[in-house]
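Encoded as structure tokens, the structure appears first; notes follow it.
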Amino acid sequence: ELFDFLSRVCLEIVQQVEEATTAAAASGQQQQSKQMPTIFNFLLGCGPYTLFAYSWPGARPGSKVWNGLHYIIREPPFSTAQLIDDQEQGFIDFSTVTTPDDRVAVVTTKPLTHETGWAEVPKGK
């Protein structure tokens, strides 16, 4: 299946990057202390109805930012939501950008609104 194939490809990319980084450190080409963790977030849209999301999250040394993927599914009836980072606008009205027949997935690197329902994509999924 497409999902299984894409999952294997994404995992292979992550493993090859980590193996190359480890090999470079072992050969002295890169200092062990400068090794950066692999962070790989991947989105692929296949037509209007299919979205494939893959996350291999992490944080760079010294960073307080976790680089993963979060998502929420929105369905009718659409309403407003309070935004976390926008103090001026404060709210977004999803009923103005959707139709009653829509079902919407919002995928971001961090939750955008204060509402419950945001889920983090598990590592390697």
Side-chain angles (χ1 to χ4, degrees):
E1 290 201 18
L2 179 61
F3 177 82
D4 293 333
F5 170 75
L6 290 173
S7 293
R8 286 192 308 271
V9 168
C10 290
L11 184 57
E12 186 175 328
I13 290 169
V14 170
Q15 288 173 340
Q16 285 185 3
V17 169
E18 290 181 344
E19 288 171 6
T21 302
T22 301
S27 68
Q29 294 176 4
Q30 181 180 5
Q31 293 178 0
Q32 186 75 19
S33 63
K34 291 186 179 180
Q35 250 188 34
M36 300 298 264
T38 300
I39 297 172
F40 180 62
N41 291 323
F42 176 76
L43 298 174
L44 173 66
C46 300
Y49 305 110
T50 304
L51 175 67
F52 177 83
Y54 179 89
S55 183
W56 192 272
R60 301 285 184 222
S63 174
K64 295 180 182 175
V65 177
W66 181 255
N67 294 291
L69 291 178
H70 294 78
Y71 70 94
I72 191 168
I73 306 296
R74 299 189 179 280
E75 298 178 294
F78 294 103
S79 61
T80 60
Q82 184 179 10
L83 299 171
I84 293 173
D85 289 344
D86 191 345
Q87 301 303 321
E88 291 180 26
Q89 297 294 324
F91 290 87
I92 183 168
D93 184 355
F94 287 98
S95 68
T96 64
V97 293
T98 57
T99 72
D101 297 325
D102 288 340
R103 183 170 187 256
V104 180
V106 179
V107 182
T108 63
T109 54
K110 64 179 183 176
L112 299 178
T113 60
H114 289 288
E115 68 195 302
T116 59
W118 285 96
E120 185 173 6
V121 177
K123 186 174 188 174
K125 297 292 180 188

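- In the hydrophobic clustering, Leu43 connects to Leu51, Leu69, Tyr71, Ile73, Val107, Val121, either directly or through intervening members, whenever side-chain heavy atoms lie under 4.5 Å apart.
- In this structure, the separation between CG on Asn41 and CG on Asn67 is 7.0 Å, given to the nearest 0.5 Å.
- At a threshold of 4.5 Å between side-chain heavy atoms, the hydrophobic network of Ile, Leu, Val, Met, Phe, Trp and Tyr places Phe78 and Val106 in one connected group.
- For the atom pair CZ (Arg74) and OG (Ser95), the distance works out to 11.5 Å, reported to the nearest 0.5 Å.
- Connection of Phe94 to Val104 is established within a shared hydrophobic cluster, with ILVMFWY side chains joined at heavy-atom distances below 4.5 Å, either directly or through further cluster members.
- Interatomic distance, Arg103 CZ to Thr98 OG1, rounded to the nearest 0.5 Å: 13.5 Å.
- Shortest non-hydrogen contact noted between Cys46 and Leu2 is SG-CD2, 4.4 Å.
- The structure places OG1 of Thr116 at 7.0 Å from CD1 of Ile72, a figure rounded to the nearest 0.5 Å.
- Nearest heavy-atom pair, Ser55 versus Gly68, reported as atom, atom and distance to 0.1 Å: OG-CA, 3.8 Å.
- A chain of hydrophobic side-chain contacts below 4.5 Å, direct or via other Ile, Leu, Val, Met, Phe, Trp or Tyr residues, connects Phe40 to Phe52.
- If you take CD on Gln15 and CZ on Arg8, they are separated by 12.5 Å, rounding to the nearest 0.5 Å.
- A continuous path of hydrophobic side-chain contacts links Val14 to Val9 [ILVMFWY only; heavy atoms under 4.5 Å].
- Cys10 places none of its side-chain heavy atoms less than 4.5 Å from the side chain of Trp56.
- Leu44 and Ile13 end up in the same hydrophobic cluster when Ile, Leu, Val, Met, Phe, Trp and Tyr side chains are linked at under 4.5 Å.
- Side-chain contact check for Thr99 and Asp102: at least one donor-acceptor pair (N or O, by modelled atom type) lies under 3.5 Å.
- In this structure, CG in Asp85 is found 11.0 Å from OG1 in Thr113, a value given to the nearest 0.5 Å.
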